[in-house]
A.B. asks: 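Let me begin by handing over the structure; questions about it come next.
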Amino acid sequence: MAKYLVIVESPAKVKTIKKFLGANYEVVASNGHVRDLPKSTMGIDFENDYEPKYITIRGKGEKLAELRRYVKNADKVFLATDPDREGEAISWHLFFALKLDAKKTSRISFNEITKPAVKEALKHPRKIDMGLVDAQQARRVLDRMVGYSISPLLWMKIKRGLSAGRVQSVALRMLCDREEEINAFIPQEYWDMDAILKQKNKEFTVSFYGDQNGKIEINGKEQLDEIIKKTKNCKFIVDQVKKGSRSRKAPIPFTTSTMQQEASKALNFSTQKTMRVAQQLYEGVEIKGRGSIGLITYLRTDSTRVSDTAEMQVKDFINDTYGETYYSNGANNKKSDKKIQDAHEAIRPTDVSLTPEKIKDQLPRDLFRLYQLIWKRFVASRMGTAVYETTTVKVAAGDYLFNASTSKLSFDGFMKVYTEADNEKVVTNNVVAKMEKGQELEFVRFEENQHFTQPPAHFTEAALVKAMEEQGIGRPSTYAPTITTIIGRRYVTKEKKNLYVTELGEAVNNVMKTAFSVIVDTAFTANMESLLDAVEEGSIEWKTVIRNFYPDLEESVKEAEQKLEKIHIADEESDEICEECGRRMVIKYGPHGRFLACPGFPECRNTKPYLEKVGVPCPKCGGDVVFRMTRKGRRYYGCINSPDCDFMSWQKPSVEKCPQCGGYMVEKGNKLACADPNCGYVREMSK
């Protein structure tokens, strides 16, 4: 019998895929990349037409030796890394690192980790796609050039340890530009006015609209008082009744970007967490009666395309479960954009019959919530339009008009299954729905409210991903790492859901805008992404992109070294007082995270751990509760007075006491629960 070797990226896939294949198949994992550019140098041979100098990644020697032993015993090798540029590049690096024989080596790829998909992929082996590989090489070399050329300049002009990146610097620029908009915003006063009317002893509200010539904005109290004066003693008569309908189209299936946005809004997941949980769902989860199976298709995609097989499955499921009137093929809901690579399908469940309810008890909470979101979104995308019956009424009072409207859902369509997190709620008012033209209404009172226009909102992670996608900056695989990097570098801080630029972030952005305006230009970065797509398609040679880019970068760096002045960034002060010299300690950033240091260095060298307070008193001694870390790196909540106080909790404690037993409560998702399991008190958290 022939012996076949299948090499995948992740160990999590090994168990899932091995189950699908026979005894003559061996499945092993490379654990990601095995070769990369060296960390200590630029790793690019400028004398040899920008040739990258790849080396074996430190610590991967043993893994490669293990893979070589498997290769030696195999008659044929299948490289089955992820179906994208990065995965193609990993296969290419494996080919050279393992010195594989081209005659007995093939590349296979699959969009989902299911038995039919894997078996089908094995029937259609192919060569490594050098278009994909070269696009990844071009991105890697470009990013290395930017990072290793500009980061030392930031060290010189601001402080050591900073970094610049081709995409992360543009994302930072977008955040800084929004911050400037907010700071420069001047609020404008405006008023709104409602009239409370009565019909058959039932009160309802109509809002001021304007007059017969159109809408009127109320910009001050004097204007408002004048309108009230002219309408107060007038009769309120129904002037116009318009019956109609409006529809709400089904949403398109998830792409990486829209999944990250919706998971942020609906589940409060960060982009990083969304991708981590989705990766687990893709690689395989243990399901009773089925073993380990991939529950969703590939998670890095900008396409909304769906395979014919999946289309037929979801059609049968909807017809059988909800009825034929609910099915629609989603033909009008396809996403069309020149920036889309369309390399994969949309993100969808691999088996639509595996409903969230069937596997709820077998999935950890986060996996279940994201799977449910993906499943509902996909099924909804193939369902009919939701239809509302609408009534719009205009009420005349003298020369002015007030309006009211009401909607009633006449066909729920896709909303039978799914509604988006920010979907506006429909208000049904039966009084308005039954009004007739010429009808006189009883006036009760006016209600007026002063408002001021609001500045643009701070970016959230979801909003930043949406803006990056719209402007063509980055690709599905880069959104989450980009945001994680700028937060990790302390250029941006996250409070609740909002992203705020730090003083350090502003300094870095100012240097980048002054010295490298082209690199942080959104149009330039979007164009670079288009060039990388052209490399993938084979219409541009990848080194042509590098040859055109590097000389200008090199010149900008030399000019910046001479012209830019040094910027001083003060360390963040803490409330802690140095026991040795009495100075207020500052928060420093080391290789293992934050710590407290005395600003009197080198005279005073006192340092100690930085304990982040969570704003809750210790239930045992009243001291501050802080984040702590176990030896294995798991976070927990402990008392700042440890070891004198032994309080610890895996869940965040609440300031509220349990109304049943008087003990402390902890936060569990959106619920508050008594920490004493024998008590069992649980309630919803107030928003």
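Everything quoted here is computed from the prediction, not taken from an experiment.
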A.B. asks: If you draw a 6.0 Å radius around NZ in Lys315, do more than 12 non-hydrogen atoms from other residues or ligands fall strictly inside?
C.D. replies: no

A.B. asks: So which atom in Ala380 and which in Ala250 form the shortest heavy-atom distance, rounded to 0.1 Å?
C.D. replies: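 Looking at all heavy atoms of both residues, the closest pair is O-CB, 3.3 Å.
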
A.B. asks: Please confirm whether the backbone N or O of Glu420 pairs with a side-chain atom of Lys265, one donor and one acceptor, at under 3.5 Å?
C.D. replies: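 Flag not set: sc Lys265 to bb Glu420 has no pair under 3.5 Å.
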
A.B. asks: Examine distances only and state if a side-chain atom of Thr502 and a backbone atom of Arg490 form a donor-acceptor pair shorter than 3.5 Å.
C.D. replies: yes

A.B. asks: Side chains of Met275 and Met259: closer than 4.5 Å at any heavy-atom pair?
C.D. replies: yes

A.B. asks: What is the distance from atom CG of Leu295 to atom CG of Leu367, rounded to the nearest 0.5 Å?
C.D. replies: 8.0 Å

A.B. asks: Considering only heavy atoms from C-beta outward, does the side chain of Leu441 approach that of Met435 to under 4.5 Å?
C.D. replies: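 Result yes, sub-4.5 Å side-chain heavy-atom pair found.
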
A.B. asks: Rounded to the nearest 0.5 Å, how far does OG1 of Thr205 lie from CG of Asp194?
C.D. replies: 5.5 Å

A.B. asks: Between Val306 and Arg382, is any pair of side-chain heavy atoms under 4.5 Å apart?
C.D. replies: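 Yes; the side chains approach each other to less than 4.5 Å.
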
A.B. asks: In the structure I gave you, are the side-chain heavy atoms of Arg365 and Lys668 within less than 4.5 Å of one another anywhere?
C.D. replies: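 No. Closest side-chain heavy atoms not under 4.5 Å.
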
A.B. asks: How about CG on Asp308, more than 12 heavy atoms from neighbouring residues, nucleotides or ligands closer than 6.0 Å, or not?
C.D. replies: no

A.B. asks: Would you call Arg276 and Asp366 a salt bridge, using N to O less than 4.0 angstrom?
C.D. replies: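 Between Asp366 and Arg276 there is no salt bridge, as every charged N stays at least 4.0 Å from the carboxylate O atoms.
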
A.B. asks: So does Glu324 have more than 12 non-hydrogen atoms from other groups sitting under 6.0 Å from CD?
C.D. replies: no

A.B. asks: Give a yes or no on whether Lys416 atom NZ has more than 12 heavy-atom contacts from other residues, nucleotides or ligands under 6.0 Å away.
C.D. replies: no

A.B. asks: Could you work out, with side-chain contact (heavy atoms from CB on, under 4.5 Å) as the rule, every residue matching Asp624, not counting sequence neighbours?
C.D. replies: Lys613, Ile640

A.B. asks: Please report, to 0.1 Å, the donor-acceptor pairs under 3.5 Å made by any side chain of residues 476-487, with sequence neighbours excluded.
C.D. replies:
{"residue": "Thr478", "atom": "OG1", "partner": "Arg475", "partner atom": "N", "Å": "2.8"}
{"residue": "Thr478", "atom": "OG1", "partner": "Arg475", "partner atom": "O", "Å": "2.9"}
{"residue": "Thr482", "atom": "OG1", "partner": "Thr478", "partner atom": "O", "Å": "2.7"}
{"residue": "Thr484", "atom": "OG1", "partner": "Ala480", "partner atom": "O", "Å": "2.8"}
{"residue": "Thr485", "atom": "OG1", "partner": "Pro481", "partner atom": "O", "Å": "2.7"}

A.B. asks: With side chains defined as the heavy atoms from C-beta onward, is the minimum distance between Tyr371 and Leu354 less than 4.5 Å?
C.D. replies: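 Touching, per the 4.5 Å side-chain cut-off.
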
A.B. asks: Can you list every ring pair (Phe, Tyr, Trp, His ring centres under 6.0 Å) pair that touches residues 216-263, not counting sequence neighbours?
C.D. replies: Phe236-Phe402, Phe236-Phe443

A.B. asks: Could you measure the distance from the OG atom of Ser257 to the CE atom of Met468? Nearest 0.5 Å is fine.
C.D. replies: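 One finds 9.5 Å between OG of Ser257 and CE of Met468.
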
A.B. asks: Which residue pairs pass the salt bridge (Lys or Arg N to Asp or Glu O under 4.0 Å) test when at least one of the two sits in residues 214-228, sequence neighbours left out?
C.D. replies: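 Salt bridge (Lys or Arg N to Asp or Glu O under 4.0 Å) check on residues 214-228 returns Lys221-Asp225, Glu226-Lys230.
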
A.B. asks: Please check if the distance between the ring centroids of Phe411 and Tyr326 is under 6.0 Å.
C.D. replies: yes

A.B. asks: Verify the neighbour count for atom CG of Asp211: are there more than 12 heavy atoms of other residues, nucleotides or ligands below 6.0 Å?
C.D. replies: yes

A.B. asks: Atom OG1 of Thr256 and atom CD of Gln260: how far apart are they, to the nearest 0.5 Å?
C.D. replies: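 Separation between the atoms: 6.5 Å.
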
A.B. asks: Shortest non-hydrogen contact from Arg348 to Ser307?
C.D. replies: NH2-OG, 3.5 Å

A.B. asks: Just do the side-chain contact (heavy atoms from CB on, under 4.5 Å) check on Glu667 and Leu672 with the steps written out, would you?
C.D. replies: CA-CA 5 Å; Glu667 295 180 10; Leu672 276 181; 3.8 Å; yes

A.B. asks: Can you tell whether the side chains of Glu345 and Arg305 come within less than 4.0 Å, N to carboxylate O?
C.D. replies: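 Salt bridge flag = no for Arg305 with Glu345.
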
A.B. asks: For salt bridge (charged side-chain N to carboxylate O under 4.0 Å, His left out), just list the numbers for Lys376 and Glu262, CA-CA rounded to whole Å, side-chain angles, deciding distance to a tenth of an Å, and then say yes or no.
C.D. replies: CA-CA 12 Å; Lys376 286 185 173 183; Glu262 194 65 12; over 6 Å; no

A.B. asks: Under 3.5 Å, is there a donor-acceptor pair between the side chain of Lys232 and the main chain of Phe446?
C.D. replies: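 No, Lys232 side chain to Phe446 backbone: no donor-acceptor pair under 3.5 Å.
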
A.B. asks: Kindly state each residue pair satisfying salt bridge (Lys or Arg N to Asp or Glu O under 4.0 Å) with at least one member in residues 442-460, sequence neighbours excluded.
C.D. replies: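 The answer is Glu203-Arg445, Arg445-Glu447.
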
A.B. asks: Under the criterion side-chain contact (heavy atoms from CB on, under 4.5 Å), I'd like the reasoning laid out for Asp192 against Phe208: C-alpha separation, chi angles, the key distance, then a yes or no.
C.D. replies: CA-CA 7 Å; Asp192 63 38; Phe208 178 77; over 6 Å; no

A.B. asks: Which atoms form the tightest heavy-atom contact between Val379 and Val417, and what is the distance?
C.D. replies: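 So the minimum-distance heavy-atom pair works out to CG1-CG2, 4.2 Å.
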
A.B. asks: Counting only heavy atoms not in Asn449, do more than 12 sit closer than 6.0 Å to its CG atom?
C.D. replies: yes

A.B. asks: Within the distance-only criterion (no hydrogens, no angle test), does the side chain of Asp521 pair as donor or acceptor with the backbone N or O of Ser517 below 3.5 angstrom?
C.D. replies: no

A.B. asks: Do we see a donor-acceptor contact under 3.5 Å between the side chains of Glu461 and Thr271?
C.D. replies: yes

A.B. asks: With heavy-atom distances below 4.5 Å as the criterion, would you say the side chains of Leu401 and Gln212 are in contact?
C.D. replies: yes

A.B. asks: Quick one: do Glu612 and Val626 satisfy side-chain contact (heavy atoms from CB on, under 4.5 Å)? Show the steps, please.
C.D. replies: CA-CA 5 Å; Glu612 186 181 344; Val626 295; 5.9 Å; no

A.B. asks: Answer yes or no: is there a donor N or O on one side and an acceptor on the other, between the side chain of Ser649 and the main chain of Tyr637, under 3.5 Å?
C.D. replies: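 Looks like no, no N/O pair under 3.5 Å.
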
A.B. asks: Apply side-chain contact (heavy atoms from CB on, under 4.5 Å) to residues Ile216 and Gln223 and explain how you reach the verdict.
C.D. replies: CA-CA 10 Å; Ile216 295 174; Gln223 184 185 0; 3.7 Å; yes

A.B. asks: Quick one: CG on Leu370 to OG1 on Thr274, what's the gap to the nearest 0.5 Å?
C.D. replies: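 The CG atom of Leu370 sits 6.5 Å away from the OG1 atom of Thr274.
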
A.B. asks: With a 3.5 Å cut-off and no angle check, do the side chains of Thr460 and Asn498 form a donor-acceptor pair?
C.D. replies: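 Note: Thr460 and Asn498 side chains miss the donor-acceptor criterion.
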
A.B. asks: In the structure I gave you, are the side-chain heavy atoms of Ser245 and Ser410 within less than 4.5 Å of one another anywhere?
C.D. replies: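 Not in contact.
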
A.B. asks: Would you name the heavy atoms of Gln651 and Val666 that are closest together and state the gap between them?
C.D. replies: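 Shortest heavy-atom contact: CB-CB, 3.8 Å.
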
A.B. asks: Within a radius of less than 6.0 Å around CD of Gln439, do more than 12 heavy atoms belonging to other residues, nucleotides or ligands occur?
C.D. replies: yes

A.B. asks: OG1 of Thr321 to CE of Met383: how many Å apart, nearest 0.5 Å?
C.D. replies: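 The OG1 atom of Thr321 sits 9.0 Å away from the CE atom of Met383.
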
A.B. asks: Do Asn183 side-chain atoms and Glu179 backbone N/O form a donor-acceptor pair below 3.5 Å?
C.D. replies: yes

A.B. asks: When you measure from the centre of the six-membered ring of Tyr418, is the NZ or CZ of Arg377 under 6.0 Å away and within 45° of the axis?
C.D. replies: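 Geometry flag: not set, cation outside 6.0 Å or 45°.
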
A.B. asks: Looking at every heavy atom in both Gly622 and Pro617, which two are closest together, and how far apart are they?
C.D. replies: O-CB, 4.0 Å

A.B. asks: Can we call the ring centroids of Phe317 and Trp375 under 6.0 Å apart?
C.D. replies: yes

A.B. asks: Quick one: ring pair (Phe, Tyr, Trp, His ring centres under 6.0 Å) pairs with a partner in residues 449-474, sequence neighbours left out?
C.D. replies: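 Matches after skipping sequence neighbours: Tyr190-His451, His458-Tyr500.
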
A.B. asks: Using every non-hydrogen atom in the two residues, find where Lys198 and Phe204 come nearest and quote the distance to one decimal.
C.D. replies: C-CE2, 4.1 Å

A.B. asks: Taking side chain as C-beta onward, heavy atoms only, is Arg369 less than 4.5 Å from Leu373?
C.D. replies: no

A.B. asks: Verify the neighbour count for atom NZ of Lys494: are there more than 12 heavy atoms of other residues, nucleotides or ligands below 6.0 Å?
C.D. replies: yes

